[in-house]
Structures are given as C-alpha cells and as structure tokens.
Amino acid sequence: MKKLALIFALITLPITTLLAQEDAGLVKVKNSETQMPRVNTSTGKLHMLWYRQGWFIDGNAGVRFLGKTSDAADMKIGPTFNAGLGYLVNEKFGLKGRIDYNKIVTTSATQEDIQNSFALSLEGVVKLIQVFGEERPRDFALILHGGAGLTAMFNPELREAVENDPNREFNDPGIRGTDDMFHVVIGITPQYHFNSKVSLNLDVSQFIQFKQFRTYDFSNAVKADGPTGLLGVSLGLTIRLD
C-alpha cells in the first residue's frame, strides 16, 4: 500500500502543480505569449494580454483617394502617412492623438499644383470584438475610431514665391500661407496580433473637411463649395508600450 501511495503521489504531484500554475496565469497556451492568461487581483477576473491597458503607438503608410478639384484639373491618387499615440482606458475603450500627411498633385492644361496637407486629430477608440464578443484570446481585432481636428494645407511653390517677393505677403487668418480647415475623421482598423506587443494594421479613414477655401488645384483660383473630403487606406504597425 505504501508503494502504491508513493507511485500515486509521484504521478499526481506534477499534474496538480501544472494546473495550479496555469490557473495562476504562469503557463503559456500553445507556446504563444499573447494567449497567456493573467488574473486581476482586485476582481479575480481572468484577463488576456490582448486586452492589456495602457499606452500604444502606431504608424501607417498607404494611398489617398478623393479630394476637391475644379472642372479644369485632374487629380490622381497619392501617398498618405499617419502616426498616433494612444492610451487604452480599459479593455474596450481608449483615446488617441493622430497626425496625418497627404501629398496632393493636380494637373490642368497649363499648371501642376502640389499641395501638402497636415492634419491633427483627437479620436476615441472602440475595440468592437471586445465590446460585442466574449472575453477570450484572438489573433484578430477590429477597431472603430473617430474624432475631430484641424487641417492645414499649403502650396510650397506659392509659399516660396511670396516669401521671396518683397511686395507680397500672406494676409490669411490662422497659420500664415496655409488653407486652414476643421475636419471630422472616422475609420475602421482590422488588426492581426503577432504577439502581445505588436499588431499589423489595415486602416481605412475618411476625412470630412469644412471651410476649405480653394480647391486643390490652387492656381486656378476656384473656391471650394461646401464640405470636402479625403479617404486614406494604409498599412502599418501598432506597438503596445505597457
């Protein structure tokens, strides 16, 4: 009987130890750091590292579509870049500051115009799967984001010509020599998690701009009529800092 009890103890002790470690969030699942559970000591609730709170940064590059031109000019798609710094307040919601750059080239019969557009935005972030789905580890996320901000657009050739001419100067409100406007932005970002720190983004963002003064073919001196817009599709990375 003593031998049987000793054999039983030798068999069961490693198993019970392993299970205890797994319950405590110390054992990786499927050799993946991102699927390693942890316990919130204040609530006793099991959390996954995908839902980790705290700071994150992201950066994306892609192509820009749309844009307001006059009937005398054409505009092709162009490059777009964006970067952000955000904070997840909890497993479902967060805030993010974002900067966007778009290069816009228009051509008409006699002129090519190049516009550089910079936008600053403050956005809310909603992690849709965490809001509507059960809490468990996943390789994918779907993020809805939206907010508002300011856009400044300038023509480098026009700026250089005015600055080098002593008889001319900019007399516009806001940032001198730029077409300043307000914007609303809304977008959707599917993510693939490489691990608990790094995710791949595919971001689609629509900007609706208000108070644009002239169309993007600036030299044709045609005023923009009503709200204008830009659509950006970009690919990049999110890195979680905490």
Side-chain angles (χ1 to χ4, degrees), residues 55-69 73-88 93-106 112-128 141-159 172-192 198-218 224 226-241:
W55 293 98
F56 66 89
I57 57 174
D58 59 32
N60 302 280
V63 292
R64 183 267 316 146
F65 301 91
L66 305 180
K68 183 75 171 181
T69 64
D74 296 315
M75 179 174 61
K76 297 181 179 179
I77 63 175
T80 184
F81 304 92
N82 65 77
L85 172 65
Y87 185 83
L88 293 176
F93 304 103
L95 292 173
K96 174 183 170 182
R98 167 174 170 161
I99 182 170
D100 285 76
Y101 168 75
N102 291 282
K103 184 177 181 180
I104 303 165
V105 180
T106 61
E112 179 182 82
D113 281 303
I114 299 175
Q115 306 283 354
N116 291 320
S117 176
F118 293 90
L120 287 173
S121 311
L122 179 63
E123 294 184 296
V125 175
V126 181
K127 304 176 79 172
L128 293 177
L142 186 61
I143 296 175
L144 177 68
H145 58 90
L150 300 173
T151 297
M153 182 179 67
F154 71 93
N155 185 314
E157 292 185 359
L158 175 64
R159 179 183 289 273
D172 57 306
I175 303 173
R176 291 287 182 264
T178 67
D179 190 351
D180 303 318
M181 61 198 86
F182 301 99
H183 69 255
V184 172
V185 56
I186 187 168
I188 192 80
T189 307
Q191 282 187 335
Y192 174 76
V198 182
S199 300
L200 178 68
N201 310 319
L202 176 61
D203 182 66
V204 180
S205 293
Q206 172 70 57
F207 284 81
I208 304 172
Q209 300 167 154
F210 303 91
K211 300 295 184 179
Q212 183 173 341
F213 178 59
R214 288 187 179 178
T215 58
Y216 288 112
D217 51 317
F218 194 84
T228 61
L230 296 175
L231 176 67
V233 179
S234 59
L235 191 68
L237 297 174
T238 291
I239 299 174
R240 288 169 284 278
L241 303 178

Peer 1: Using 0.5 Å steps for rounding, measure from the CZ atom of Arg98 to the NE2 atom of His145.
Peer 2: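 Spacing of CZ (Arg98) from NE2 (His145) equals 5.5 Å.
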Peer 1: Within a strict 4.5 Å, meaning less than it, do heavy atoms of the Phe210 and Met181 side chains meet?
Peer 2: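 A side-chain contact is absent here, since even the closest heavy-atom pair is not under 4.5 Å.
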Peer 1: Before you tell me yes or no, could you show the steps for Thr238 and Asn201 under side chain to side chain donor-acceptor pair (under 3.5 Å), namely the whole-Å CA-CA distance, both residues' side-chain angles and the distance that decides it to 0.1 Å?
Peer 2: CA-CA 7 Å; Thr238 291; Asn201 310 319; 3.0 Å; yes
Peer 1: Roughly how far, to the nearest 0.5 Å, is the CG atom of Asp58 from the CG atom of Leu200?
Peer 2: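 Interatomic distance, Leu200 CG to Asp58 CG, rounded to 0.5 Å: 12.0 Å.
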Peer 1: By the definition side-chain hydrogen bond (donor to acceptor under 3.5 Å, both in side chains), identify the one residue from Asp100, Asn102, Asn60, Asp203 that meets it with Thr80.
Peer 2: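 That would be Asn102.
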Peer 1: For the CD atom of Gln191 and the CG atom of Leu237, what is their distance to the nearest 0.5 Å?
Peer 2: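 Rounded to the nearest 0.5 Å, the CD-CG separation comes out at 10.0 Å.
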Peer 1: If you look at every heavy atom in Val105 and Met75, which pair is closest and at what distance?
Peer 2: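 Residues Val105 and Met75, closest heavy atoms: O-CG, 3.5 Å.
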Peer 1: Do any N or O atoms from the side chain of Arg214 and from the backbone of Tyr216 form a donor-acceptor pair under 3.5 angstrom?
Peer 2: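 No, because the side chain of Arg214 does not come within donor-acceptor range (under 3.5 Å) of the backbone of Tyr216.
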Peer 1: Grab the two heavy atoms, one from Ile208 and one from Pro227, that are nearest each other, plus how far apart they are.
Peer 2: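 So the minimum-distance heavy-atom pair works out to CG2-CB, 4.3 Å.
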Peer 1: What's the separation between atom NZ in Lys127 and atom OG1 in Thr189, rounded to the nearest 0.5 Å?
Peer 2: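 So the gap between those two atoms works out to 12.0 Å.
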Peer 1: Taking the side chain as everything from C-beta on, heavy atoms only, tell me whether Leu231 gets closer than 4.5 Å to Val204.
Peer 2: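 Yes - at least one pair of side-chain heavy atoms lies under 4.5 Å apart.
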Peer 1: If you compare all heavy atoms of Val185 against all heavy atoms of Ser205, which two are closest, and at what distance to 0.1 Å?
Peer 2: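 Looking at all heavy atoms of both residues, the closest pair is CG2-CB, 4.2 Å.
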Peer 1: If I take atom CG from residue Leu241 and atom CZ from residue Phe56, how far apart are they, to the nearest 0.5 angstrom?
Peer 2: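 Between Leu241 CG and Phe56 CZ, I get 9.5 Å after rounding to 0.5 Å.
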Peer 1: Is the shortest side-chain heavy-atom distance between Lys96 and Ser121 below 4.5 Å?
Peer 2: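 Side-chain contact under 4.5 Å: no.
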Peer 1: Just checking Phe182: does its CZ atom have more than 12 heavy atoms from other residues, nucleotides or ligands closer to it than 6.0 angstrom?
Peer 2: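 No, CZ of Phe182 has 12 or fewer neighbouring heavy atoms, counting only those of other groups under 6.0 Å.
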Peer 1: Is the backbone of Leu230 close enough, under 3.5 Å, to the side chain of Gln206 for a donor and an acceptor to pair up by distance?
Peer 2: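 Yes: the side chain of Gln206 pairs with the backbone of Leu230.
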Peer 1: Please find the pair of heavy atoms, one from Asp180 and one from Ala152, that lie closest to each other, and give the distance.
Peer 2: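 Heavy-atom minimum between the residues: OD1-CB, 3.7 Å.
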Peer 1: Taking atom CD1 of Ile77 and atom CZ of Phe65, what is their separation to the nearest 0.5 Å?
Peer 2: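 Result: 5.0 Å between the selected atoms.
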Peer 1: To check you understand the geometry: which heavy-atom pair defines the closest contact between Ser199 and Arg240, and what is its length?
Peer 2: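 For Ser199 and Arg240, the tightest heavy-atom pair comes out as OG-NH2, 2.8 Å.
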Peer 1: Is there side-chain contact between Asn116 and Lys103, with heavy atoms separated by less than 4.5 Å?
Peer 2: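 Result yes, sub-4.5 Å side-chain heavy-atom pair found.
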Peer 1: Quickly, which of Ile143, Leu128, Leu202 forms a side-chain contact (heavy atoms from CB on, under 4.5 Å) with Ile188? Name it, please.
Peer 2: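 It is Leu128; the other options fail the test.
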Peer 1: Specify the closest pair of heavy atoms between Ala119 and Thr151, including all atoms of both residues, with the distance to one decimal.
Peer 2: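 That would be CB-OG1, 3.5 Å.
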Peer 1: I'd like to check the ring pair (Phe, Tyr, Trp, His ring centres under 6.0 Å) partners of His183; sequence neighbours left out, ordered by chain and number.
Peer 2: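 His183 satisfies ring pair (Phe, Tyr, Trp, His ring centres under 6.0 Å) with Phe207 once adjacent residues are dropped.
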Peer 1: Strictly by modelled atom types, are Arg64 and Ser117 linked by a side-chain donor-acceptor pair under 3.5 Å?
Peer 2: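 No, because no side-chain N or O of Arg64 sits under 3.5 Å from a partner of the opposite role on Ser117.
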